[in-house]
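Order of the sequence lines fixes the chain letters, A, B, ..., with proteins taken first and strands second; residue numbering starts at 1 for each chain. Being a predicted model, the structure only gives us computed values, none of them experimental.
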Amino acid sequence: MPVWHAKTKELVSKGELAIVGITQEQHPDRCALFAQWQGFEFPILWDPFGLTGLSVVPVLTGIDEAGIVQLVRPHPRKFQEQFLEGFMGKAAGPKATSVPGFRVGRPELPSNWTKEPGQVGVNDARRSVSRLLFGGVETATMDSDVLTLEAWAKKSGRPRDRFHAGVARRLRCDGPSARAKDFQAAADAWHAALAADPNQYIWRRRIQQWGPRLDKPYAFYDWIPRAILEIKERGEVPRSVAVPLSGSEVANKNQAAPAPVGAATAPDPKGLLARDDGGLVRVETAALLHTGIAGRKMRTPPGSSQIHVTLRPRGGAKWSNDTDPPLLWLPVPKGWTAVRSLHSFPRLVDGEAALTAPLRVDFEVSTPTIPLGPPKEGEPPTLDSTLSGYVVYSICLPDGTCVFRRQGVEVTIPLPEPPSFGDD
Amino acid sequence: MFSSPESHAAQEEAAPDSASSEDSSPAVRASDVPEFGALDPKIWTTVGSVVPELELPLVDGSGVFDLASLRGKKVLLIQFASW
């Protein structure tokens, strides 16, 4: 997009052309940072639910004064003949009549959840999308809107409604009312939508953003550290990014996989540390599968899966800022591969807010190949796909006392169903 | 193929408005309800189509913007992602 911004700058400054952007990313602040970095001065609209209907981006459209599309997918190398002469030089068409089309509108008054899931209708879903879109992650009706969209997706059975439900789940995951399974539920909803419509590349990208390295067409947000640095060098204050980048979001499939590290020592091999039952820290896990699985019946997930583990202080507990960061011990079963078994969460950044902020780590694991054909006699029908381990951390109670605690972690990779043998 | 969001919801900690209760009503046929969820994507890629009203929030949180407000000007609409 920078090339179009540069080519049209003069037309915009003369008032002869307006530029508008629309992005379908989950996180609007990242696109706002991109715009600041690139010096974009045009408005960029946020469309995380994909209301424009596109299945792929980028798409450029030239619209005349009457609101009629006159130019589609112009090529920057044909700027003179296509854009300047063919579009800018062309007189406007007849005045367009208003198209009712589609309008979510601004948020309506908050409502309390009063309907049984079976009673949810399309207008309820529309209102919930509207509230989430315009209200953000701190929408007062977040819980009822998530429930509404999930109930509607279940009722309608349409892939797009499934996608919407996933977007809502991920929005809640990034806000103060996050639930333990929000991220996994979002991924499952997106996978279900993609399985029904594998040609929807924007939905595919939403999964790949957090998925395993080899499933990425490109690195998604590796530009952010460079953008922040360059904006600071210009003497500006970079726009903040609310949700820290995961390792997956900056991973690049063209770079070599991290080399496996040697055997690590379990941080609490004898199980001596006192346990936290989740009252001080909530453990949230999600497994993001390779999107090659969408719509196919296969026994082995292609490539690897990306495991995300989040630790979220609760009940007034705070991280201790003068001890080592939490550790995750998650060995993989025989035949699986993982770079390491011991994972360190990131160190705390400065500031009081960081003491209660969630800490996240993510990494890849690969399952062994599951042999084709029916299981042999005596063998389990499917691979055991649950990884078990624990986290250890120092956490401070509301009275200021800091304690070391251990908590069990289980991650289940949702393996595909076996194919029906005998079928083609 | 995959565990459904509903099955994950059922695993979550108890919430006052849990969605885990089963919906016993019959599924709605797509033809029974007005289409909701997206515009026809051909609007953006077909010369001669009329751009509908579309109001969305701005990514920088500074407000909302309606495409219809640009009537009377030539517009280059760029649908993109920062990745």
Considering all heavy atoms of both residues, which atom of [X] and which atom of [Y] are nearest to each other, and what is their separation?
X	Y	result
Arg30(A)	Ser82(B)	O-OG, 4.4 Å
Phe83(A)	Leu76(B)	CE1-CD1, 3.9 Å
Val50(B)	Ile68(A)	CG2-CG1, 4.3 Å
Phe65(B)	Val20(A)	CE2-CG2, 4.0 Å
Phe80(B)	Cys31(A)	CZ-SG, 3.8 Å

Winner by heavy-atom pair count (cut-off under 4.5 Å) against chain B, out of [options]:
options	value
His27(A), Gln38(A), Arg239(A), Gln24(A)	Arg239(A)
Leu33(A), Val57(A), Leu11(A), Asp29(A)	Val57(A)
Glu16(A), Met88(A), Gln209(A)	Met88(A)
Phe220(A), Trp37(A), Phe87(A)	Phe220(A)
Pro43(A), Ala18(A), Gly15(A), Ala32(A)	Ala18(A)

Counting only non-hydrogen atoms closer than 4.5 Å, does Ser62(B) touch chain A with its backbone (N, CA, C, O), its side chain (CB onward), both, or neither? neither

Hey, could you give me the [atom1]/[atom2] distance between [X] and [Y], rounded to the nearest 0.5 Å?
X	Y	atom1	atom2	result
Thr45(B)	Leu54(A)	OG1	CG	7.5 Å
Ile63(A)	Leu70(B)	CD1	CG	8.0 Å
Leu60(A)	Gln79(B)	CG	CD	9.0 Å
Leu54(B)	Leu51(A)	CG	CG	7.0 Å

Run the side chain to side chain contact (heavy atoms under 4.5 Å, CB included) check on Lys74(B) and Glu65(A) step by step: do they pass? CA-CA 5 Å; Lys74(B) 280 199 182 337; Glu65(A) 296 87 334; 3.2 Å; yes

Heavy-atom distance under 4.5 Å to chain B: side chain of [X], backbone, both or neither?
X	value
Gln36(A)	neither
Tyr218(A)	side chain
Thr412(A)	neither

Of the options Ile78(B), Asp60(B), Leu56(B), Val59(B), which is the one that meets Ile44(A) in a side chain to side chain contact (heavy atoms under 4.5 Å, CB included)? Val59(B)

Let's test your reading of the structure: which of Gly72(B), Pro41(B), Pro57(B) forms the most heavy-atom pairs below 4.5 Å with chain A? Pro57(B)

Measure from the side-chain N and O atoms of Trp83(B) to the backbone N and O of Arg205(A), and report whether any donor-acceptor pair falls under 3.5 Å. no

Could you tell me whether the side chain of Trp44(B) and the main chain of Gly53(A) form a donor-acceptor pair under 3.5 Å? no

Just do the side chain to side chain contact (heavy atoms under 4.5 Å, CB included) check on Val69(A) and Thr46(B) with the steps written out, would you? CA-CA 7 Å; Val69(A) 171; Thr46(B) 305; over 6 Å; no

Enclosure of Lys73(B) NZ (heavy-atom neighbours >12, cutoff 6.0 Å): no

